[in-house]
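Written below as structure tokens is the structure these notes are about.
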Amino acid sequence: MISHIDTAGVNLELSEDIKKYIIRKVGRLDRYVSREDRKHMSATVTLRETNNRLGNKYECEATLRTPKLT
């Protein structure tokens, strides 16, 4: 599992349920990384609320960092 996951909300307050959901879903991405890189892998997840003419929409940006790649 990813060792460290930072979560942030822009124009949005993140509840504990949303944070747990993010950690569960993003934590599964480690299966696509080599075993050596899993130990030092970290992630930053930003949720953003965007208001447009069709109603409220949400954007999610996830950045994964390993010792070799971002």
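Only heavy atoms go into these numbers, but all of them, side chains included; no hydrogens, no water, no symmetry mates. Quantities reported herein were computed from a predicted structural model and do not represent experimental measurements.
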Would you indicate whether the side-chain heavy atoms of L64 and M41 approach each other to under 4.5 Å? yes
Would you compute the distance between atom CG of L47 and atom CD of E13 and round it to the nearest 0.5 angstrom? 11.5 Å
So, R48 side chain and G9 main chain: donor-acceptor pair closer than 3.5 Å or not? no
Can you confirm whether D6 sits close enough to H4 that some side-chain heavy atom of one is under 4.5 Å from a side-chain heavy atom of the other? yes
Do K68 and D37 have side chains that approach each other closer than 4.5 Å (heavy atoms only, starting at C-beta)? yes
Tell me if the CZ atom of R35 is crowded by more than 12 foreign heavy atoms within 6.0 Å. no
Check: R28 side chain, K25 main-chain N or O, donor-acceptor pair, under 3.5 Å: no
Is there a path of hydrophobic side-chain contacts, each under 4.5 Å between heavy atoms of I/L/V/M/F/W/Y residues, joining L14 to Y58? yes
What's the separation between atom CD1 in I23 and atom CD1 in I5, rounded to the nearest 0.5 Å? 5.5 Å
N11 CG to E49 CD distance, which is reported to the nearest 0.5 Å: 7.0 Å
Side-chain heavy atoms under 4.5 angstrom apart, residues restricted to Ile, Leu, Val, Met, Phe, Trp, Tyr: same cluster for V45 and L69? no
For T46 and V10, the nearest pair of non-hydrogen atoms, with its separation, is CG2-CG2, 3.7 Å
Distance-minimising heavy-atom pair for S42 and I2: CA-CG2, 3.8 Å
Is there a chain of hydrophobic side chains (I, L, V, M, F, W, Y, each step under 4.5 Å between heavy atoms) that links Y21 to L29? no
The reported gap from CZ in R31 to CZ in R38 (rounded to nearest 0.5 angstrom) is 9.5 Å
Would you give the length of the straight line joining atom NZ of K39 to atom OG of S3, rounded to the nearest 0.5 angstrom? 12.0 Å
